[in-house]
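Encoded as structure tokens, the structure appears first; notes follow it.
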Amino acid sequence: QLFYYYIVLSINFITYIPIMKKLIFSTLLLSILVSCGKDNDTPEKTKTDLLCQANWKFSAATVGGSDVSSQIQACYKDNIIKFNTTGTGTVDEGASICTAGNPQTYNLTWNFLSGETQLKITPPLLPGGSDTYTVVSISETQLVASQMMTLPAPFGSQTVVVTFVH
């Protein structure tokens, strides 16, 4: 009788071997497919990507958190700035041109300095400032940069934080 149970168990075991093989093979195949699947993570945009993806326009200027946008001439506030990935770009004077007879559009050059913490733009975008900005932040929609600028009295030379937006 022991031999009979041994035979029955052996037959049942042999019956389950193909099922086990299929289960193991299916599990292995599924894990291979999942591990080889396409990675959906998109790479993070670089500062150059963010800078060059769309046109920029002046939004605000502050000194120590106080708005000094009124100290910037209106003809600079409507300028449209385009940066190209080649280190070149254009400035469109917008509706108001600061100096009659000047062209509507002029060229600029740009590059990042100091590990992309500074942005050099030639010629300078705003009067009274230099061609080098310290990058405070840059995102999909906003560029915030600071620089020493000479503003009209009573402000004089101040660190001005300028915000540009798309």
Side-chain angles (χ1 to χ4, degrees), residues 27-166:
T27 305
L28 183 62
L29 183 63
L30 182 62
S31 63
I32 289 172
L33 289 175
V34 169
S35 66
C36 293
K38 187 176 179 181
D39 191 4
N40 290 333
D41 294 338
T42 55
E44 189 173 319
K45 289 187 176 182
T46 65
K47 286 184 180 180
T48 298
D49 293 337
L50 294 170
L51 187 68
C52 298
Q53 71 182 2
N55 296 336
W56 296 96
K57 192 171 180 183
F58 175 88
S59 175
T62 60
V63 171
S66 298
D67 188 9
V68 293
S69 298
S70 63
Q71 302 302 309
I72 308 292
Q73 294 173 327
C75 60
Y76 291 99
K77 293 179 190 177
D78 69 347
N79 290 356
I80 299 167
I81 306 153
K82 171 68 177 156
F83 296 97
N84 300 317
T85 57
T86 58
T88 62
T90 57
V91 176
D92 184 306
E93 290 277 350
S96 59
I97 297 176
C98 291
T99 305
N102 276 3
Q104 180 68 38
T105 304
Y106 62 90
N107 295 324
L108 63 81
T109 59
W110 71 272
N111 63 291
F112 282 112
L113 305 171
S114 301
E116 297 188 336
T117 61
Q118 293 182 325
L119 176 60
K120 182 174 182 170
I121 304 169
T122 306
L125 296 177
L126 299 171
S130 73
D131 60 0
T132 303
Y133 290 86
T134 299
V135 177
V136 176
S137 66
I138 186 167
S139 70
E140 293 277 344
T141 59
Q142 192 176 64
L143 167 62
V144 181
S146 68
Q147 72 170 213
M148 288 298 292
M149 288 180 68
T150 302
L151 297 173
F155 297 101
S157 185
Q158 299 280 339
T159 298
V160 179
V161 177
V162 183
T163 303
F164 298 93
V165 296
H166 291 301

For residues Phe58 and Trp56, establish whether the separation of their ring centroids is below 6.0 Å. no
Side chains of Phe155 and Val160, heavy atoms from C-beta outward: is any pair under 4.5 Å? no
Look up atom OG in Ser137 and atom NZ in Lys47, then write down how far apart they are to the nearest 0.5 Å. 9.0 Å
Going through the distances and angles, do Ile81 and Ile121 end up as a side-chain contact (heavy atoms from CB on, under 4.5 Å)? CA-CA 11 Å; Ile81 306 153; Ile121 304 169; over 6 Å; no
Between Ala61 and Ser69, what is the shortest heavy-atom contact and its length? N-OG, 2.9 Å
Going through the distances and angles, do Met149 and Val68 end up as a side-chain contact (heavy atoms from CB on, under 4.5 Å)? CA-CA 12 Å; Met149 288 180 68; Val68 293; over 6 Å; no
If we ignore hydrogens and angles and just use 3.5 Å, is the side chain of Lys77 paired with the main-chain N or O of Lys57 as donor and acceptor? no
Check whether His166 reaches the backbone of Gln142 with its side chain - one donor and one acceptor, N or O, closer than 3.5 Å. no
Got Leu119 and Ile138 here, is their nearest side-chain heavy-atom distance under 4.5 Å? no
Ignoring hydrogens, what is the shortest heavy-atom contact between Ser96 and Cys75? Give both atom names and the distance. OG-CA, 3.2 Å
Any donor-acceptor N or O pair under 3.5 Å, side chains Asn84, Thr86: no
Option among Val91, Asp131, Asn79 that satisfies the side-chain contact (heavy atoms from CB on, under 4.5 Å) test with Leu125: Val91
Tell me, yes or no, whether the heavy-atom count around Lys120 atom NZ, taken from other residues, nucleotides or ligands under 6.0 Å, exceeds 12. no
Do Leu50 and Phe83 make a side-chain contact, defined as non-hydrogen atoms from C-beta onward lying under 4.5 Å apart? no
Return the minimal non-hydrogen interatomic distance between Gln73 and Pro127, and the atom names on each side. OE1-CG, 4.4 Å
Provide the full list of salt bridge (charged side-chain N to carboxylate O under 4.0 Å, His left out) pairs with a residue in residues 100-111, sequence neighbours left out, each pair given once. none
Looking only at heavy atoms, which two atoms of Val161 and Ser146 are closest? And how far apart? CG2-CB, 4.0 Å
Would you check if the side chain of Gln147 reaches a backbone N or O of Ser130 as a donor-acceptor pair within less than 3.5 Å? yes
Within the 4.5 Å heavy-atom criterion, are Pro123 and Leu108 side-chain neighbours or not? yes
Would you mind reporting whether Leu143 and Tyr133 have side-chain heavy atoms less than 4.5 Å apart? no
Report yes if the side chains of Asn107 and Thr88 come closer than 4.5 Å at any heavy-atom pair, otherwise no. no
Separation between CD1 of Ile80 and OG1 of Thr105, rounded to the nearest 0.5 Å: 9.0 Å
Of all pairs that satisfy salt bridge (charged side-chain N to carboxylate O under 4.0 Å, His left out), the ones with a partner from residues 138-148, not counting sequence neighbours: Lys45-Glu140
In the structure I gave you, are the side-chain heavy atoms of Asp49 and Glu44 within less than 4.5 Å of one another anywhere? no
Expected output: side-chain Ser157 to main-chain Thr150 donor-acceptor under 3.5 Å: no
Tell me, do Val162 and Leu126 make a side-chain contact under 4.5 Å, heavy atoms counted? yes
Interatomic distance, Gln118 atom CD to Asn111 atom CG [nearest 0.5 angstrom]: 10.5 Å
